[in-house]
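Notes follow once the structure below has been shown.
What you see is a predicted model, and the numbers here were worked out from it, not measured in a lab.
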2 protein chains.
Amino acid sequence: MSGQITIGRLAKATDTKAVTIRYYESAGLISPVNRTQGGYRLYTDREKDRLLFIKRARQLGLSLEDVKSLLGLADDENAPCEQVDSIIHEQLERVRSRVRDLLKLEQELGRLERGCKAETIGECKIIESLSR
Amino acid sequence: MSGQITIGRLAKATDTKAVTIRYYESAGLISPVNRTQGGYRLYTDREKDRLLFIKRARQLGLSLEDVKSLLGLADDENAPCEQVDSIIHEQLERVRSRVRDLLKLEQELGRLERGCKAETIGECKIIESLSR
DNA sequence: CATGAAGGTTCTAGCCACTATAAGGTCAAG
DNA sequence: CTTGACCTTATAGTGGCTAGAACCTTCATG
């Protein structure tokens, strides 16, 4: 029961930045909240929960678009969770494919690194590989 | 000895897009070339080689900034190749660290995927995890 | 030599998810 | 009432392109 807090406190409480919270509002992930007479945004636990949800989803590497979908889905208790599953599944596939690509890259970079025993650019195997 | 070619032909020859080549020029990776009377850029093998160098470096995941440095270094035969090595080494480290992160993500996403046997959002373990 | 298609030119805006900066207004404590 | 921490909006920038508009050039045809 922390009552109403300003954006800075919410930022601290959720380890986000105030600008990011405002950005989420402008992007439609968090709806506009009540303001003080002076125009300061006032947040409640509701927004804190929502922001933490967003944070956790972002930590899964999901796009804001996907996070937005999840937030929408989360609000309808009786809807089937197929779409949730497929968002997660597709993300998993993206991650797996990215890992495969990066492992190939790691191999290649490793080969280059080990291959170069030169002192000067003229003899450098790395520059040589890149040049053809 | 292909002589002078227009941007579209260079693009085809290097599997790049013309806009990308112009972008590289504006970014300082390729220097401005001679033009026809009508203003068409005319490229030679020199630029073709340079572009292929850029492509290969980009395939290693290097930033245009790093590619630019490599191009600069490549031009000085007698310079030590330390800096080349360190660009590659740092990229390798970035890739390794990214792989580690993505593998953790894969674990987490896999757990979520396997954990959800629910039919509706109300019982969905994924939404539950994200909600706290 | 005229025409038309294919391909070139510059410029501007958009993508994503922020980050940075400026110029100003509000709030609470002392 | 002043101070200083915090808030406000607006604008521009990041990287590495991509998309589109409006216009101009080139070159193979008829």
Side-chain angles (χ1 to χ4, degrees), chain A residues 3-30 32-43 47 50-51 53-71 87 90-91 94 98 101 105, chain B residues 3-30 32-44 47 50-51 53-71 87 90-91 94-95 98 101 105:
Chain A
Q4 313 222 95
I5 54 174
T6 58
I7 201 167
R9 286 181 199 288
L10 177 61
K12 222 164 251 167
T14 56
D15 194 27
T16 322
K17 294 186 182 174
V19 276
T20 303
I21 300 175
R22 282 191 287 259
Y23 174 71
Y24 287 166
E25 181 185 313
S26 79
L29 278 94
I30 289 182
V33 290
N34 291 334
R35 308 266 190 139
T36 63
Q37 276 200 319
Y40 281 27
R41 289 171 179 80
L42 288 176
Y43 294 97
E47 285 81 31
R50 206 166 164 89
L51 203 48
F53 185 106
I54 296 170
K55 263 214 111 187
R56 284 184 282 254
R58 291 285 296 144
Q59 277 162 9
L60 296 176
L62 294 167
S63 69
L64 290 191
E65 209 45 52
D66 278 347
V67 177
K68 214 166 156 180
S69 304
L70 285 177
L71 283 165
I87 286 172
E90 278 164 31
Q91 179 64 7
R94 272 191 293 271
R98 189 93 184 96
D101 289 352
L105 216 51
Chain B
Q4 312 223 97
I5 55 174
T6 58
I7 201 167
R9 287 181 197 286
L10 178 61
K12 223 163 251 168
T14 56
D15 193 27
T16 322
K17 295 187 182 173
V19 276
T20 303
I21 300 176
R22 281 191 286 260
Y23 175 72
Y24 286 167
E25 180 185 313
S26 81
L29 278 94
I30 290 182
V33 290
N34 290 335
R35 307 268 189 136
T36 63
Q37 273 200 321
Y40 281 26
R41 290 171 179 80
L42 288 177
Y43 294 98
T44 64
E47 285 82 31
R50 208 169 163 87
L51 202 49
F53 184 106
I54 296 171
K55 264 214 111 188
R56 285 185 281 256
R58 290 286 295 143
Q59 277 161 9
L60 295 176
L62 294 167
S63 69
L64 289 191
E65 209 44 53
D66 278 347
V67 176
K68 213 165 157 182
S69 303
L70 285 177
L71 284 165
I87 286 172
E90 277 164 31
Q91 179 64 7
R94 272 191 294 272
V95 168
R98 189 90 185 99
D101 290 350
L105 217 50

* Pairing residues for A18(B) by the side-chain contact (heavy atoms from CB on, under 4.5 Å) criterion, not counting sequence neighbours -> I7(B), R22(B)
* Structure fact -> R22(B) atom CZ is separated from dT12(C) atom P, nearest whole Å, by 15 Å
* Could you list the residues that satisfy side-chain hydrogen bond (donor to acceptor under 3.5 Å, both in side chains) with T16(A), not counting sequence neighbours? => T14(A)
* Structure fact -> Residues at least two apart in sequence or cross-chain that pass salt bridge (Lys or Arg N to Asp or Glu O under 4.0 Å) with E25(B), listed by chain then number, are R41(B)
* Find the distance I21(B):CD1 to dT9(C):P and express it as a whole number of Å. => 10 Å
* Structure fact -> Residues at least two apart in sequence or cross-chain that pass salt bridge (Lys or Arg N to Asp or Glu O under 4.0 Å) with R94(A), listed by chain then number, are D66(A)
* Structure fact -> With sequence neighbours left out, the residues meeting side-chain contact (heavy atoms from CB on, under 4.5 Å) with K17(B) are V19(B), T20(B)
* **Under 4.0 angstrom between R41(B) side-chain N/O and dT9(C) OP1 or OP2** => yes
* **From OH (Y24(A)) to CG (L71(A)), nearest 0.5 Å** => 10.5 Å
* Side chain E47(A), main chain I30(A), donor-acceptor under 3.5 Å -> no
* Structure fact -> Those residues at least two apart in sequence (or on a different chain) that pass side-chain hydrogen bond (donor to acceptor under 3.5 Å, both in side chains) with S69(A) are none
* Which letter, B, S or -, goes with each nucleotide of nucleotides 20-30 of chain C from 5' to 3', with contact meaning a protein heavy atom under 4.0 Å? -> -----BBS---
* Asked: salt bridge (Lys or Arg N to Asp or Glu O under 4.0 Å) with K55(B): which residues, sequence neighbours excluded?
  -> D15(B)
* To do: Kindly write out the residues that satisfy side-chain hydrogen bond (donor to acceptor under 3.5 Å, both in side chains) with R58(A), not counting sequence neighbours, or none if the list is empty.
  => none
* Asked: dG7(C) P sits how many Å from I5(B) CD1, rounded?
  -> 14 Å
* Structure fact -> Min and max contacting nt of DNA chain D in 5' to 3' order, chain A heavy atoms within under 4.0 angstrom, are dC6(D) to dT9(D)
Where do N or O atoms of nucleotides 13-16 of chain C meet protein N or O atoms at under 3.5 Å, pair by pair?
none

